[in-house]
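So that the names make sense, note that chain A is the first sequence line, chain B the second, and so on, each numbered from 1.
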2 protein chains.
Amino acid sequence: MSPLPTVLDVGRVAGVSRQTVSNVLNSPELVRPATREKVEAAIAELGYRPHASARRLRTQKSSTLGIRLDPMTNGISGSLLDRFLHALTEQADRRGLRVMLFTATDPDDEIRQFARLRDGADVDGFVLTATFHEDPRTEWLIEHDVPFVTFGRPWGIDDMNDPRHLWVDVDGHSGLRDATRHLLASGAENVAYLGWPSPSGTGDDRRRGWREAMEARGVLSAAQLDALQAETIDDVQGARDAIRSLIATGVRIDAVACASDSLALGVLLEVGPTIAVVGYDNTPVAGAIGLSSIEQPLDEVAAGALDLLLGDGGRGIVGWTSSSADTRHRLVTPHLVPRERTAIAGAAG
Amino acid sequence: MSPLPTVLDVGRVAGVSRQTVSNVLNSPELVRPATREKVEAAIAELGYRPHASARRLRTQKSSTLGIRLDPMTNGISGSLLDRFLHALTEQADRRGLRVMLFTATDPDDEIRQFARLRDGADVDGFVLTATFHEDPRTEWLIEHDVPFVTFGRPWGIDDMNDPRHLWVDVDGHSGLRDATRHLLASGAENVAYLGWPSPSGTGDDRRRGWREAMEARGVLSAAQLDALQAETIDDVQGARDAIRSLIATGVRIDAVACASDSLALGVLLEVGPTIAVVGYDNTPVAGAIGLSSIEQPLDEVAAGALDLLLGDGGRGIVGWTSSSADTRHRLVTPHLVPRERTAIAGAAG
DNA sequence: CCATCCGATTGGATCGATCAAGCCTTCCGA
DNA sequence: TCGGAAGGCTTGATCGATCCAATCGGATGG
């Protein structure tokens with residue numbers, strides 16, 4: 001097979017210089033339409049593809065994003081990152097970007113990887129998941145002017161409005177509110193909440209959603225609501241223990257809204273089909289056992305993350321240079337996927 | 001911030017030429033130890049990192065592997081690819097390789113992506129998952145001399161020994177044999193098998209493992225074994241229907257060995273804790289509900305795939321140039337993760 | 001009719017690394 | 001003493017695309 005064609009070859013065929021070919025690709029408005037068509041025909045004829053590495057060397061940009069693949073020790077919800085990754089790759093492709101993976105053992109190691117990948121011009125920016133309070137990673141990235149966007153709000157007091165920190169998140173508050181409303185609408189009155197220990201930015205946000213819906217209903221007192229909530233780590237067994245303890249207090253429970261599908265599964269396994277349960281994340285397990293769950297619109301999240309990172313210009317990864325608040329973060333709304341729960345009922349029968 | 005240091009800067013500090021710096025990095029044996037140490041000190045002092053794109057342009061290699069991220073429609077087992085991806089990224093990093101993602105809608109589209117990524121020198125080779133009979137992708141890659149390795153055997157008649165097709169796979173035959181032995185050892189006599197419709201390379205291989213273990217036991221006749229097996233698509237509901245039909249035939253069933261955790265979950269949901277079940281893939285769900293399952297050693301698979309791709313030399317991605325059979329494919333053995341099944345029992349009680 | 005201007009196009013230089021030769025020592029045996 | 005070889009290091013050329021300054025052609029204005 002002959003070597004791959006270059007801009008020079010294309011130019012030769014089209015009867016123009018290599019720079020004109022380059023202009024057709026990067027600044028079409030500079031080239032006269034007639035010339036452009038000739039060049040495009042030559043490109044098609046030769047099957048020319050720009051050499052990514054050469055372009056990167058010259059421009060000092062890679063058009064590639066880095067994302068860390070977590071060790072994924074956290075059970076059922078693991079597939080969430082997986083789906084996000086797929087959405088991100090697809091959306092990135094549409095914008096002419098590529099996605100490169102890396103792994104790290106801890107935040108410090110991750111920072112070392114940031115440095116390594118950026119210095120080698122392997123990536124232009126990063127997408128972070130699972131941010132936490134006073135995250136050293138975001139601090140490092142800001143300090144070193146590396147473009148990035150996080151999937152998840154920064155939960156620090158002022159961090160959320162730091163113009164240099166771009167973020168996209170799913171409105172868990174709205175999700176739990178809808179889930180709770182759904183349960184209330186289906187006849188339940190005493191809807192309990194099973195979530196994660198406070199403080200947890202994401203977890204507290206979801207709990208507030210449940211609380212708001214219950215307060216809007218106006219039937220139960222604040223004290224009664226306090227008695228209807230339980231906390232545990234995100235784990236099936238923990239959920240079973242927690243819901244058993246809650247039931248043991250003697251409080252009446254018609255339904256349970258949960259902060260995750262793992263917790264919801266634990267509740268279902270413990271109490272069987274007797275009460276309605278709603279989970280969060282709409283994992284494959286939820287589909288398999290017929291559990292209603294809140295679905296995160298990961299395509300929107302991915303698209304939003306890339307839009308923020310690319311800025312308004314759309315030409316390359318710019319990071320936080322944009323100014324308007326709308327272009328610095330985005331909150332997308334999840335939606336409930338209702339299901340007739342039949343699976344676990346069968347197990348109990 | 002000053003621009004990143006180059007080989008020239010390092011050479012200046014160390015008092016040598018740029019080529020010597022390059023040699024220290026790529027062919028240390030050519031450089032005198034004393035000189036090497038000087039250069040290494042200068043590298044450390046300046047925090048020098050080779051510019052990946054420049055190197056790629058010159059060498060025409062990217063040190064990057066491409067892997068397709070599937071749409072992941074297949075439910076519970078989805079997390080398997082996720083874990084493989086993590087293992088692959090980690091193993092690749094150890095060998096100085098990077099992993100880049102891409103998506104595709106169908107095999108033909110995937111082939112277009114192959115061409116695009118390779119022509120742009122974005123990747124040197126590919127890792128394929130979920131290969132099937134007469135896979136057009138492998139044919140294209142072989143024809144165009146693109147290095148690749150598949151996770152999964154080629155199931156065509158002669159394909160398996162095609163020296164140009166490198167592959168790694170998990171010995172499902174051995175896995176199901178062990179699962180079946182485990183069930184037999186725990187007191188069950190009539191161990192049924194629930195798998196996928198034939199022909200399915202992977203599925204048929206697993207069924208043969210069950211069959212072999214049962215035949216070795218020597219209690220049941222061939223006809224009896226035929227009556228103890230059922231088939232369905234890989235789906236919880238399908239499994240419930242299939243096992244119900246099998247039970248309806250009146251055959252005695254003490255335990256069920258399944259081709260996947262999805263199927264195992266379906267069986268459990270249908271029959272409850274009355275009989276023992278073993279799944280396959282050891283997905284998070286299996287852990288959550290306490291289901292015994294066959295675990296695929298994905299670290300070994302990833303390591304094997306990269307070893308094959310890198311060849312004996314270990315210097316760069318070579319594809320199939322190696323000759324010995326041992327260096328063209330690798331079959332790794334899975335192992336059973338036994339669990340006391342308690343979760344579903346609770347749901348039934 | 002010539003000077004000016006502007007958009008379209010061109011050739012030279014460049015990004016950072018590696019390849020391929022070539023140069024300078026040093027060391028050996030004739 | 002000298003030819004020759006080998007080791008260790010240096011210099012010129014190169015990979016493919018883009019940046020920059022210069023050029024070209026045609027239209028316009030004085």
Per the atom types in the model, does the base of C:dT9 pair as donor or acceptor with the side chain of A:R32 at under 3.5 Å?
no
Is any N or O donor-acceptor pair between the side chain of B:R18 and the base of D:dT11 shorter than 3.5 Å?
no
How long is the line joining CD of B:Q60 and P of C:dT18, in whole Å?
13 Å
Quick one: do B:D93 and A:F102 satisfy side chain to side chain contact (heavy atoms under 4.5 Å, CB included)? Show the steps, please.
CA-CA 8 Å; B:D93 189 57; A:F102 66 99; over 6 Å; no
Send over the distance from A:N23 CG to D:dC19 P, rounded to a whole Å.
9 Å
Side-chain N or O of B:S22 less than 4.0 angstrom from OP1 or OP2 on C:dT18?
yes
Euclidean distance, atom NE2 of residue A:H51 to atom P of D:dC15 [Å, nearest integer]:
11 Å
Would you say B:T35 places a side-chain N or O within less than 4.0 Å of OP1 or OP2 belonging to D:dC9?
yes
A:V31 backbone acceptor or donor facing A:N23 side chain under 3.5 Å:
no
When you measure only distances, ignoring hydrogens and angles, does the side chain of B:R58 come within 3.5 Å of the base of D:dT14 through a donor and an acceptor?
yes
From CG of B:L4 over to P of C:dG16, roughly how many Å is that when rounded to an integer?
8 Å
Counting side-chain heavy atoms from CB outward, which of C:dT10, C:dA17, D:dT10 is closest to B:T20?
D:dT10
Touch class at under 4.0 angstrom, heavy-atom based, for A:R36 against every strand present
nothing
Between atom CG in A:L8 and atom P in D:dT14, what is the gap in whole Å?
13 Å
Could you tell me if the ring centre of A:H165 sits under 6.0 Å from that of A:F148?
yes
A:R58: side-chain contact (heavy atoms from CB on, under 4.5 Å) partners, not counting sequence neighbours:
none
Looking for any heavy atom pair under 4.0 Å, which part of the strands does A:V16 touch: base, sugar-phosphate only, or nothing?
sugar-phosphate
Less than 4.0 angstrom between a side-chain N/O of A:R55 and OP1 or OP2 of D:dT18, yes or no?
yes
Ignoring backbone atoms, test whether B:S17 places a side-chain nitrogen or oxygen under 4.0 Å from the OP1 or OP2 oxygen of D:dT10.
yes
Mind calculating the distance between CG (B:L57) and C1' (C:dC19) to the nearest angstrom?
13 Å
Looking at A:N26, does any N or O in its side chain come under 4.0 Å of the phosphate oxygens OP1/OP2 on D:dA17?
no
Does a salt bridge link B:D169 with B:R330, judged by any charged N lying under 4.0 Å from a carboxylate O?
no
Any base atoms under 4.0 Å from B:R56, or only sugar-phosphate, or nothing? Heavy atoms, all strands.
nothing
With heavy atoms under 4.0 Å as the rule, sort B:V31 into base, sugar-phosphate or nothing.
sugar-phosphate
To the nearest Å, how far apart are A:L30 CG and C:dC6 P?
16 Å
Applying salt bridge (charged side-chain N to carboxylate O under 4.0 Å, His left out) to B:R56 and A:D122, what does each step give before you reach the verdict?
CA-CA 11 Å; B:R56 285 175 204 163; A:D122 274 312; 2.5 Å; yes
Side-chain N,O (B:Q19) to OP1/OP2 (C:dA21) below 4.0 Å
no
Could you tell me the separation between the NZ atom of A:K61 and the P atom of D:dC19, rounded to a whole number of Å?
11 Å
